[in-house]
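These numbers were taken from a predicted model, which means no experiment stands behind them. Proteins come first, then strands; the chains are lettered A, B, ... in the order of their sequence lines, and each starts at number 1.
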Protein chains: 2
Amino acid sequence: MSNRDDIVSKLKASGVTPTTQRVEIAQILFARPQHLSAEQILKMVNQESSSTASKATIYNTLGLFAKKGLVKEVIVDPSKVFYDSNVSKHFHFYNIDSGELTDIPADAIHIDKLPNLPQGTESSGLEVIVRIKNS
Amino acid sequence: MSNRDDIVSKLKASGVTPTTQRVEIAQILFARPQHLSAEQILKMVNQESSSTASKATIYNTLGLFAKKGLVKEVIVDPSKVFYDSNVSKHFHFYNIDSGELTDIPADAIHIDKLPNLPQGTESSGLEVIVRIKNS
DNA sequence: TTATCCTGTTAGACAAAGTCTAGAAAACAA
DNA sequence: TTGTTTTCTAGACTTTGTCTAACAGGATAA
């Protein structure tokens, strides 16, 4: 998933026009399963990459990727959103001391009872976060 | 839990000196089980209450209450932290369209398998958030 | 009573994430 | 080529939250 053509195909397959900036951002995100904040990606694009992208483009692009299901927003840190390049079902450990976010495989948690949703609503995702601290 | 003396006792029982501002904030929070943001509480204190409190005091106080286990921080909205006056075990629905946060009783969700924690860490809370949208 | 301490409160400056706007640049179609 | 649409950009702006340095007020000691 790291070569440019694969990234371009992936974007097209999700209905995202593969512009220079979007491909740059996608290449960073999809290099491996990881959790990055918008500001981290902004720095990475403007250091590691050949081309650059503005703050507005980073935010717009991440919002677009999230809407198209290419990445998943993870809200565990009150100060910033993480974008998870792994969109398959899984959960998270969040270390409140280090700020580190790590994956819990889907099969490591089993939920055998869930509530009915409120009238007039539908599910948009189930999140399980195990907050941990250094002992 | 709404009269002043009960609030004062509650604070003392948690090792919190019951100052004027803290009691004001606690009275608002513990009037009923609810989810309020710091900015909401700031407005409420300076409108509804006899006394007032500054922004810094609101944030300091909510941080103190959270540390003492009087309230629980709920992180579901990327733009603000909610303070939950119900600290007993329960989970949350979060409506991404309305921003509304509602409770799921503890017994409506059953988790029968949980992962081992990473080496050198201990649990600091299990969160389950069911994100919903209007259908 | 007065001085001293300690805790808590305050205004306002500051920081950081994220949004918005208006114009420039690409991309594309005719 | 020209016109139209989409994307990108700088930078102003907003909001939540933090920090600092001064101040207030109660308890205590002399």
Side-chain angles (χ1 to χ4, degrees), chain A residues 7-8 11-12 14-28 35-46 49-68 70-84 94 96 99 101, chain B residues 7-8 11-12 14-28 35-46 49-68 70-84 94 96 99 101:
Chain A
I7 295 285
V8 169
L11 295 188
K12 281 185 183 162
S14 296
V16 173
T17 309
T19 64
T20 307
Q21 291 75 201
R22 288 172 183 168
V23 173
E24 280 301 331
I25 295 168
Q27 277 192 305
I28 289 172
H35 314 103
L36 296 172
S37 69
E39 301 288 327
Q40 277 181 296
I41 294 170
L42 178 57
K43 276 179 199 138
M44 291 169 83
V45 167
N46 293 318
S49 301
S50 38
S51 50
T52 64
S54 71
K55 194 177 170 183
T57 298
I58 301 290
Y59 279 94
N60 286 343
T61 300
L62 291 172
L64 177 65
F65 283 7
K67 201 178 90 186
K68 298 293 189 174
L70 285 162
V71 298
K72 203 167 75 175
E73 294 184 342
V74 182
I75 299 163
V76 284
D77 183 318
S79 74
K80 57 179 168 273
V81 173
F82 284 107
Y83 292 88
D84 192 339
Y94 182 65
I96 58 177
L101 186 60
Chain B
I7 295 286
V8 169
L11 296 188
K12 281 184 183 163
S14 296
V16 173
T17 309
T19 64
T20 308
Q21 289 78 198
R22 289 173 182 168
V23 173
E24 280 301 331
I25 294 168
Q27 277 191 305
I28 289 171
H35 313 103
L36 296 173
S37 69
E39 302 289 326
Q40 276 181 297
I41 294 170
L42 177 58
K43 276 181 198 135
M44 290 169 85
V45 167
N46 294 317
S49 301
S50 38
S51 50
T52 63
S54 71
K55 193 178 168 183
T57 297
I58 300 292
Y59 279 94
N60 287 342
T61 300
L62 290 172
L64 177 67
F65 284 7
K67 201 178 91 186
K68 297 293 189 176
L70 286 161
V71 298
K72 202 168 74 176
E73 295 184 339
V74 182
I75 299 164
V76 284
D77 183 318
S79 75
K80 57 180 168 270
V81 173
F82 284 108
Y83 291 88
D84 192 340
Y94 181 66
I96 57 176
L101 186 59

- Query: Checking side chain to side chain contact (heavy atoms under 4.5 Å, CB included) against Arg22(B), which of Asn60(B), Val16(B), Val8(B) comes through?
  - Reply: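 Of Asn60(B), Val16(B), Val8(B), side chain to side chain contact (heavy atoms under 4.5 Å, CB included) with Arg22(B) is met by Val16(B) alone.
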Between [atom2] of [N] and [atom1] of [X], the distance in whole Å:
X	N	atom1	atom2	answer
Phe82(A)	dA16(C)	CZ	C1'	14 Å
Lys12(B)	dT7(C)	NZ	P	18 Å
Leu42(A)	dC8(D)	CG	P	14 Å
Ile25(B)	dT9(C)	CD1	C1'	11 Å
Asp77(B)	dG18(C)	CG	C1'	12 Å
Gln21(B)	dT10(C)	CD	C1'	9 Å
Asn46(B)	dT9(C)	CG	P	13 Å

- Task: For residues Ile58(B) and Val45(B), determine if any side-chain heavy atom of one lies less than 4.5 Å from a side-chain heavy atom of the other.
- Result: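 Ile58(B) vs Val45(B): side chains touch.
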- Query: Hey, is the side chain of Thr19(B) poking within less than 4.0 Å of OP1 or OP2 on dT9(C), counting only N and O atoms?
  - Reply: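 Thr19(B) to dT9(C) OP1/OP2: side-chain N or O found under 4.0 Å.
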- Item | Phosphate-side-chain proximity, Ser54(B) and dT10(C), N/O vs OP1/OP2 below 4.0 Å |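 For dT10(C), OP1/OP2 do have a side-chain N/O of Ser54(B) under 4.0 Å.
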- Residue pair Leu42(A), Tyr59(A): steps toward the side-chain contact (heavy atoms from CB on, under 4.5 Å) verdict: CA-CA 9 Å; Leu42(A) 178 57; Tyr59(A) 279 94; 5.8 Å; no
- Donor-acceptor contact below 3.5 Å, side chain His35(B) vs main chain Phe82(B):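 Here the side-chain-to-backbone pair does not exist.
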- Query: Thr61(B) side chain to Thr57(B) main-chain N or O, any donor-acceptor pair under 3.5 Å?
  - Reply: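 A pair under 3.5 Å: yes.
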- Message: Within the 4.0 Å limit for protein heavy atoms, which parts of nucleotides 12-19 of chain D are touched? Write it as a string from 5' to 3', B for base, S for sugar-phosphate only, - for none.
- Response: ----SBBB
- Separation between OG1 of Thr17(A) and CG of Leu64(A), rounded to the nearest 0.5 Å: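 With rounding to 0.5 Å, OG1 (Thr17(A)) is 8.5 Å from CG (Leu64(A)).
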- Item | Separation between CG of Leu36(A) and NZ of Lys43(A), rounded to the nearest 0.5 Å |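 Here the rounded value is 12.0 Å.
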Pairwise N/O distances under 3.5 Å, protein to nucleotides 22-30 of chain C:
none

- Between the side chains of Glu24(A) and Ser51(A), does any donor sit under 3.5 Å from an acceptor?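 Side chains of Glu24(A) and Ser51(A): pair found under 3.5 Å.
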Could you give the side-chain donor-acceptor pairs of residues 71-80 of chain A under 3.5 Å, partners two or more places apart or in another chain?
unit_1: Asp77(A); atom_1: OD1; unit_2: Ser79(A); atom_2: N; d: 2.7
unit_1: Asp77(A); atom_1: OD1; unit_2: Ser79(A); atom_2: OG; d: 2.9
unit_1: Asp77(A); atom_1: OD2; unit_2: Tyr94(A); atom_2: OH; d: 3.0

